[in-house]
Amino acid sequence: MLIGKPMDKMTLDELDDIEDEIDEEEERIFEQYRKQRMAEMRAAQMKAKFGEVREITKADYVDEVNKAGDGVWVVLHIYKDSIPLCKLLNQHLSLLARKNPQVKFLKSISSLCIPNYPDKNLPTIFLYFEGDLKKQWVGPLNFGGMNFKCDELEWMLAKAGVLETELETPPKPEVKDVMNIAIKQSTINDTNSDDDNDWN
């Protein structure tokens, strides 16, 4: 390649040589990019093997949860159909399963998975990574009632490390414990007081 020579000073043969070199270089770069992209797509396809919420029983538990595989997150929802919040969570989990096919989403009716599991603990979500329990949410207070949105569940799962999200902030602002803040503030004010005996 004739570097530094202005194009208007080059012969037609020199211009043809440069065009051939540019075309070959662009083609080589494009081919390299195509191979890299194909490898990324194959890797994503290998990871994306779930995509739905599967129903399991106690007999399936070991294979589906403990032996889920290396690098696999499992989200297990323990539920009962007669509890409206459980139905709502099942809907949210179905949406998230389609959106995150690399995560294994499971559900199980409480009486079929954990005998004598109390209804007051429903819904319950267990999060496993490579067969180990990493986090659990037990009972309705963790989900905020029937106004609980899919984005809120997505945020909770992302915060736990289960999946990635495009949400930049929590969909629902965290509730401040005003009582504890006031107590702490009054304690700070009391310790900063010049008067040693406030009771007189």
Side-chain angles (χ1 to χ4, degrees), residues 37-175 177:
R37 201 55 198 116
M38 290 294 287
E40 289 171 359
M41 289 170 66
R42 275 194 298 277
Q45 191 175 23
M46 292 286 286
K47 280 184 163 182
K49 52 186 169 185
F50 305 112
E52 64 182 359
V53 181
R54 294 195 45 232
E55 185 84 37
I56 65 166
T57 64
K58 185 177 181 178
D60 304 320
Y61 184 88
V62 171
D63 287 337
E64 296 292 339
V65 176
N66 294 6
K67 297 179 181 177
D70 293 337
V72 175
W73 277 96
V74 177
V75 176
L76 174 60
H77 178 213
I78 307 298
Y79 75 101
K80 195 173 250 184
D81 270 332
S82 61
I83 299 175
L85 186 54
C86 290
K87 284 184 174 184
L88 179 66
L89 280 178
N90 278 336
Q91 291 172 4
H92 294 342
L93 290 170
S94 291
L95 291 171
L96 292 172
R98 285 192 295 275
K99 193 174 175 183
N100 300 278
Q102 75 283 3
V103 177
K104 189 175 203 179
F105 287 88
L106 303 171
K107 64 181 179 178
S108 184
I109 297 172
S110 59
S111 59
L112 297 179
C113 189
I114 307 169
N116 302 318
Y117 195 70
D119 286 356
K120 69 178 183 165
N121 290 346
L122 298 176
T124 295
I125 292 183
F126 295 115
L127 306 179
Y128 296 87
F129 183 67
E130 296 180 343
D132 296 326
L133 179 65
K134 297 298 181 184
K135 189 156 186 72
Q136 59 187 1
W137 295 300
V138 179
L141 294 178
N142 290 287
F143 306 104
M146 290 304 292
N147 291 326
F148 188 68
K149 305 285 185 240
C150 189
D151 283 351
E152 294 172 72
L153 181 57
E154 181 177 347
W155 181 262
M156 290 169 68
L157 292 172
K159 203 170 165 189
V162 175
L163 49 84
E164 292 182 14
T165 182
E166 293 178 4
L167 299 171
E168 294 178 9
T169 59
K172 191 176 196 176
E174 291 185 23
V175 177
D177 188 347

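We count residues from 1, following the sequence as given.
Under the salt bridge (Lys or Arg N to Asp or Glu O under 4.0 Å) criterion, E154 pairs with K99, not counting sequence neighbours. For the salt bridge (Lys or Arg N to Asp or Glu O under 4.0 Å) test, residues two or more places apart in sequence or in another chain that qualify with D119 are K80. Annotation: salt bridge (Lys or Arg N to Asp or Glu O under 4.0 Å) contacts of R98 (sequence neighbours excluded): none. Considering only residues two or more places apart in sequence or on other chains, P84 meets the side-chain contact (heavy atoms from CB on, under 4.5 Å) condition with M146. Every residue two or more places apart in sequence or in another chain that forms a ring pair (Phe, Tyr, Trp, His ring centres under 6.0 Å) with F148 is listed here: F143. The side-chain hydrogen bond (donor to acceptor under 3.5 Å, both in side chains) test applied to E64 returns R54, K104, not counting sequence neighbours. Annotation: side-chain hydrogen bond (donor to acceptor under 3.5 Å, both in side chains) contacts of D60 (sequence neighbours excluded): T57. Partners of E55 under the side-chain hydrogen bond (donor to acceptor under 3.5 Å, both in side chains) rule, at least two apart in sequence or in another chain, are Y79.
Counting heavy atoms from C-beta outward, N100 and F50 have side chains that stay 4.5 Å or more apart. In this structure, the side chains of L93 and K107 stay at 4.5 Å or more apart for every pair of heavy atoms. You'll find the side chain of V103 stays beyond 4.5 Å of the side chain of L157, heavy atoms only.
The stretch residues 81-97 participates, sequence neighbours left out, in no salt bridge (Lys or Arg N to Asp or Glu O under 4.0 Å) pair at all. Pairs engaging residues 91-133 under the ring-ring contact (aromatic ring centres under 6.0 Å, His included) rule: W73-F129 [sequence neighbours left out]. Each salt bridge (Lys or Arg N to Asp or Glu O under 4.0 Å) pair with one or both residues in residues 140-149, not counting sequence neighbours, would appear here, but there are none. Listed by first then second residue, pairs satisfying salt bridge (Lys or Arg N to Asp or Glu O under 4.0 Å) with a partner in residues 129-141 number zero, not counting sequence neighbours.
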